[in-house]
Amino acid sequence: MMDSEAKIRAMRDTDASGIFEIYNQPSFRFGTLALPYESFETVRKWAEPRSPRDLHLVADWGGRVVGAAALRPFYGRRAHAAEFWIAVHDDIAGKGVGSRLLAAIIDTSDNWLNVTRIEMTVFTDNAHAIALYEKFGFTIEGTHRAASFRNGTLVDAHCMARLRPDGSAHT
(Lines give C-alpha, C1' and ligand atoms only; values in the text may rest on other atoms or scores of the structure.)
Protein backbone atom coordinates (compact mmCIF):
# COMPACT_ATOMS: atom_id res chain seq x y z
CA MET A 1 0.00 0.00 0.00
CA MET A 2 1.23 3.47 -0.80
CA ASP A 3 0.98 6.22 1.83
CA SER A 4 -0.73 8.55 -0.64
CA GLU A 5 -3.74 6.24 -0.58
CA ALA A 6 -4.44 6.87 3.12
CA LYS A 7 -6.59 9.90 3.87
CA ILE A 8 -6.42 11.61 7.25
CA ARG A 9 -9.86 12.52 8.56
CA ALA A 10 -11.84 12.98 11.76
CA MET A 11 -12.64 9.79 13.64
CA ARG A 12 -16.21 8.47 13.37
CA ASP A 13 -18.18 6.09 15.58
CA THR A 14 -18.07 3.57 12.74
CA ASP A 15 -14.24 3.47 12.98
CA ALA A 16 -14.32 1.61 16.30
CA SER A 17 -13.89 -1.86 14.77
CA GLY A 18 -10.79 -0.75 12.83
CA ILE A 19 -9.28 0.81 15.94
CA PHE A 20 -10.10 -2.36 17.87
CA GLU A 21 -8.19 -4.40 15.26
CA ILE A 22 -5.11 -2.16 15.59
CA TYR A 23 -5.35 -2.11 19.38
CA ASN A 24 -5.30 -5.89 19.56
CA GLN A 25 -2.17 -6.36 17.48
CA PRO A 26 0.76 -7.64 19.56
CA SER A 27 3.02 -4.81 18.34
CA PHE A 28 0.55 -2.18 19.58
CA ARG A 29 0.25 -3.80 23.00
CA PHE A 30 4.05 -4.20 23.21
CA GLY A 31 4.59 -0.47 22.61
CA THR A 32 1.80 0.82 24.88
CA LEU A 33 0.19 0.21 28.25
CA ALA A 34 -2.56 -1.83 26.59
CA LEU A 35 -3.37 -5.22 28.06
CA PRO A 36 -4.16 -8.34 26.06
CA TYR A 37 -7.80 -9.38 25.69
CA GLU A 38 -9.36 -5.94 26.06
CA SER A 39 -13.04 -5.95 25.14
CA PHE A 40 -14.43 -4.06 22.18
CA GLU A 41 -16.35 -1.79 24.55
CA THR A 42 -13.21 -0.98 26.57
CA VAL A 43 -11.28 -0.05 23.42
CA ARG A 44 -14.18 1.98 22.06
CA LYS A 45 -14.37 4.00 25.29
CA TRP A 46 -10.57 4.45 25.35
CA ALA A 47 -10.65 5.92 21.84
CA GLU A 48 -13.54 8.32 22.55
CA PRO A 49 -12.88 12.03 23.02
CA ARG A 50 -12.81 12.99 26.69
CA SER A 51 -13.34 16.66 25.98
CA PRO A 52 -14.66 18.86 23.17
CA ARG A 53 -11.05 20.11 22.78
CA ASP A 54 -9.78 16.61 21.92
CA LEU A 55 -8.79 15.89 18.33
CA HIS A 56 -9.33 12.31 17.14
CA LEU A 57 -8.12 11.28 13.69
CA VAL A 58 -7.89 8.17 11.57
CA ALA A 59 -5.95 7.23 8.49
CA ASP A 60 -8.52 5.77 6.12
CA TRP A 61 -7.46 3.66 3.16
CA GLY A 62 -10.40 2.80 0.96
CA GLY A 63 -12.77 2.58 3.94
CA ARG A 64 -10.33 0.63 6.13
CA VAL A 65 -8.86 2.24 9.25
CA VAL A 66 -5.08 1.74 9.02
CA GLY A 67 -4.06 4.28 11.66
CA ALA A 68 -5.47 6.44 14.41
CA ALA A 69 -4.30 9.25 16.66
CA ALA A 70 -5.63 11.59 19.30
CA LEU A 71 -4.51 14.89 20.77
CA ARG A 72 -5.73 15.64 24.28
CA PRO A 73 -5.08 19.21 25.44
CA PHE A 74 -4.77 19.85 29.17
CA TYR A 75 -6.67 22.51 31.19
CA GLY A 76 -6.02 25.33 33.59
CA ARG A 77 -2.37 26.20 34.10
CA ARG A 78 -1.44 23.47 31.61
CA ALA A 79 -3.78 24.69 28.86
CA HIS A 80 -0.72 25.42 26.69
CA ALA A 81 0.18 21.71 26.67
CA ALA A 82 -1.30 18.47 25.36
CA GLU A 83 -0.58 14.76 25.18
CA PHE A 84 -1.23 12.41 22.30
CA TRP A 85 -1.36 8.79 21.23
CA ILE A 86 -0.84 7.30 17.81
CA ALA A 87 -1.37 3.82 16.37
CA VAL A 88 -0.61 2.35 12.96
CA HIS A 89 -1.72 -1.03 11.62
CA ASP A 90 1.10 -3.56 11.26
CA ASP A 91 0.20 -4.03 7.58
CA ILE A 92 1.32 -0.50 6.71
CA ALA A 93 3.87 0.34 9.44
CA GLY A 94 6.83 2.23 8.02
CA LYS A 95 4.88 3.60 5.03
CA GLY A 96 4.49 7.19 6.30
CA VAL A 97 1.00 7.00 7.78
CA GLY A 98 2.31 7.68 11.29
CA SER A 99 4.11 10.74 9.97
CA ARG A 100 0.95 12.05 8.35
CA LEU A 101 -1.08 11.52 11.52
CA LEU A 102 1.55 13.24 13.66
CA ALA A 103 1.84 16.12 11.18
CA ALA A 104 -1.93 16.66 11.43
CA ILE A 105 -1.74 16.67 15.23
CA ILE A 106 1.10 19.20 15.21
CA ASP A 107 -0.63 21.42 12.65
CA THR A 108 -3.79 21.50 14.75
CA SER A 109 -1.79 22.15 17.93
CA ASP A 110 0.24 25.00 16.43
CA ASN A 111 -2.30 26.67 14.18
CA TRP A 112 -5.71 26.04 15.74
CA LEU A 113 -5.35 25.36 19.47
CA ASN A 114 -2.31 27.48 20.40
CA VAL A 115 -0.77 24.48 22.12
CA THR A 116 2.93 25.21 22.59
CA ARG A 117 3.97 21.93 24.21
CA ILE A 118 3.08 18.39 23.13
CA GLU A 119 4.29 15.54 25.30
CA MET A 120 4.14 11.78 25.71
CA THR A 121 5.99 8.80 27.13
CA VAL A 122 7.49 6.07 24.99
CA PHE A 123 9.24 2.85 25.95
CA THR A 124 12.99 3.25 25.60
CA ASP A 125 13.23 0.22 23.29
CA ASN A 126 10.62 1.55 20.81
CA ALA A 127 13.20 2.83 18.31
CA HIS A 128 10.71 3.34 15.46
CA ALA A 129 8.42 5.55 17.56
CA ILE A 130 11.34 7.52 19.01
CA ALA A 131 12.71 8.14 15.50
CA LEU A 132 9.28 9.36 14.35
CA TYR A 133 8.96 11.74 17.28
CA GLU A 134 12.50 13.08 16.86
CA LYS A 135 11.80 13.67 13.15
CA PHE A 136 9.05 16.08 14.27
CA GLY A 137 11.19 17.91 16.82
CA PHE A 138 10.44 15.96 19.99
CA THR A 139 13.32 15.57 22.42
CA ILE A 140 13.89 13.24 25.34
CA GLU A 141 13.48 15.20 28.56
CA GLY A 142 14.11 12.33 30.95
CA THR A 143 13.68 8.64 31.59
CA HIS A 144 11.27 6.98 33.97
CA ARG A 145 13.06 3.91 35.34
CA ALA A 146 10.97 0.74 35.77
CA ALA A 147 7.98 2.69 34.46
CA SER A 148 5.85 -0.24 33.38
CA PHE A 149 5.54 -3.99 33.69
CA ARG A 150 5.62 -5.68 30.27
CA ASN A 151 6.10 -9.33 29.33
CA GLY A 152 7.21 -10.23 32.85
CA THR A 153 9.80 -7.48 33.33
CA LEU A 154 9.95 -3.85 34.34
CA VAL A 155 10.81 -1.52 31.45
CA ASP A 156 11.90 2.11 31.20
CA ALA A 157 10.10 4.89 29.35
CA HIS A 158 11.33 8.21 28.03
CA CYS A 159 9.30 11.34 28.54
CA MET A 160 9.49 13.31 25.31
CA ALA A 161 8.14 16.70 24.34
CA ARG A 162 8.06 19.15 21.47
CA LEU A 163 7.99 22.87 22.16
CA ARG A 164 6.62 24.98 19.36
CA PRO A 165 9.74 26.21 17.52
CA ASP A 166 8.53 29.76 16.84
CA GLY A 167 9.74 30.93 20.22
CA SER A 168 6.28 31.33 21.75
CA ALA A 169 7.12 28.82 24.49
CA HIS A 170 9.81 29.59 27.03
CA THR A 171 12.41 26.90 27.68
Side-chain angles (χ1 to χ4, degrees), residues 1-74 82-106 108-109 118-136 138 143-160 162:
M1 184 185 90
M2 307 261 312
D3 173 42
S4 62
E5 296 176 89
K7 304 294 182 215
I8 307 302
R9 62 166 174 77
M11 192 179 290
R12 302 175 187 145
D13 288 341
T14 55
D15 296 326
S17 61
I19 295 167
F20 181 71
E21 180 181 339
I22 294 168
Y23 190 98
N24 279 294
Q25 294 178 330
S27 61
F28 179 82
R29 284 194 310 273
F30 190 78
T32 68
L33 296 176
L35 295 173
Y37 314 113
E38 295 278 6
S39 71
F40 178 83
E41 187 62 22
T42 298
V43 174
R44 187 189 62 74
K45 284 182 181 177
W46 168 81
E48 284 180 350
R50 297 178 185 163
S51 153
R53 295 182 69 212
D54 287 2
L55 173 72
H56 283 239
L57 303 172
V58 297
D60 181 310
W61 182 52
R64 179 180 178 215
V65 173
V66 295
L71 175 75
R72 293 183 169 146
F74 299 123
E83 64 183 351
F84 76 94
W85 60 261
I86 191 167
V88 176
H89 198 287
D90 285 351
D91 290 353
I92 55 92
K95 305 268 195 236
V97 171
S99 289
R100 293 190 54 217
L101 285 164
L102 189 50
I105 284 174
I106 290 171
T108 303
S109 296
I118 307 171
E119 60 189 52
M120 97 301 289
T121 58
V122 58
F123 290 130
T124 58
D125 62 357
N126 193 341
H128 292 292
I130 292 168
L132 172 66
Y133 304 147
E134 288 177 338
K135 175 178 144 182
F136 282 89
F138 288 82
T143 302
H144 301 285
R145 301 289 176 204
S148 182
F149 191 68
R150 181 185 68 190
N151 285 351
T153 61
L154 291 170
V155 294
D156 298 343
H158 291 312
C159 47
M160 296 185 75
R162 173 194 178 267

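When a residue number appears, it is its place in the shown sequence, counting from 1.
- Rounding to the nearest 0.5 Å gives a distance of 13.0 Å between CZ of R64 and CG of D15.
- The two residues F123 and S148 have their closest heavy-atom pair at CE2-CB, 3.6 Å.
- In this structure the side chain of D91 never reaches within 4.5 angstrom of the side chain of V66, judged on heavy atoms.
- By the side chain to side chain contact (heavy atoms under 4.5 Å, CB included) test, H128 is found to be paired with N126, residues two or more places apart in sequence or in another chain being considered.
- D156 contributes a side-chain N or O that, together with a main-chain N or O of A146, makes up a donor-acceptor pair within less than 3.5 Å.
- Applying the side-chain hydrogen bond (donor to acceptor under 3.5 Å, both in side chains) rule to pairs touching residues 30-39 yields S39-T42, sequence neighbours excluded.
- For R53, the side chain to side chain contact (heavy atoms under 4.5 Å, CB included) partners two or more places apart in sequence, or in a different chain, are S51, P73, Y75.
- The shortest heavy-atom contact between T121 and A157 is CB-CB, 4.5 Å.
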Would you give me the side-chain donor-acceptor pairs under 3.5 Å for residues 16-24, sequence neighbours excluded?
from : atom 1 : to  : atom 2 : distance (Å)
E21  : OE2    : H89 : NE2    : 2.8
N24  : ND2    : F20 : O      : 3.1

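- Residues D90 and F28 are not in side-chain contact: their nearest non-hydrogen atoms beyond the backbone lie 4.5 Å or more apart.
- Every residue meeting the salt bridge (Lys or Arg N to Asp or Glu O under 4.0 Å) condition with D125, not counting sequence neighbours, appears here in chain and number order: R150.
- Residues E83 and M120 fail the side-chain proximity criterion, which asks for heavy atoms closer than 4.5 Å.
- Between A59 and V97, the shortest heavy-atom distance links the atoms CB-CG1, 3.4 Å.
- Of all heavy-atom pairs between A82 and L71, the closest is CB-CD1, 3.6 Å.
- Taking 4.5 Å as the limit, some side-chain heavy atom of F74 sits within range of a side-chain heavy atom of E119.
- The minimum heavy-atom distance linking I130 with T124 is given by the pair CD1-O, 3.7 Å.
- Residues C159 and H144 are in side-chain contact: their nearest non-hydrogen atoms beyond the backbone lie under 4.5 Å apart.
- Inter-residue side-chain proximity for R72 and W85 is flagged as met; some heavy-atom pair is nearer than 4.5 Å.
- Between R162 and L102 the shortest side-chain heavy-atom distance does not fall below 4.5 Å.
- Of all non-hydrogen atoms in L101 and V58, the two that sit nearest each other are CD2-C, 4.0 Å.
- Between I92 and W61 there is no side-chain heavy-atom pair separated by less than 4.5 Å.
- Between F84 and F138, the angle of the ring planes lies from 30° to 60°, which puts this pair in the tilted group.
- By the salt bridge (Lys or Arg N to Asp or Glu O under 4.0 Å) test, R29 pairs with no residue at all, sequence neighbours left out.
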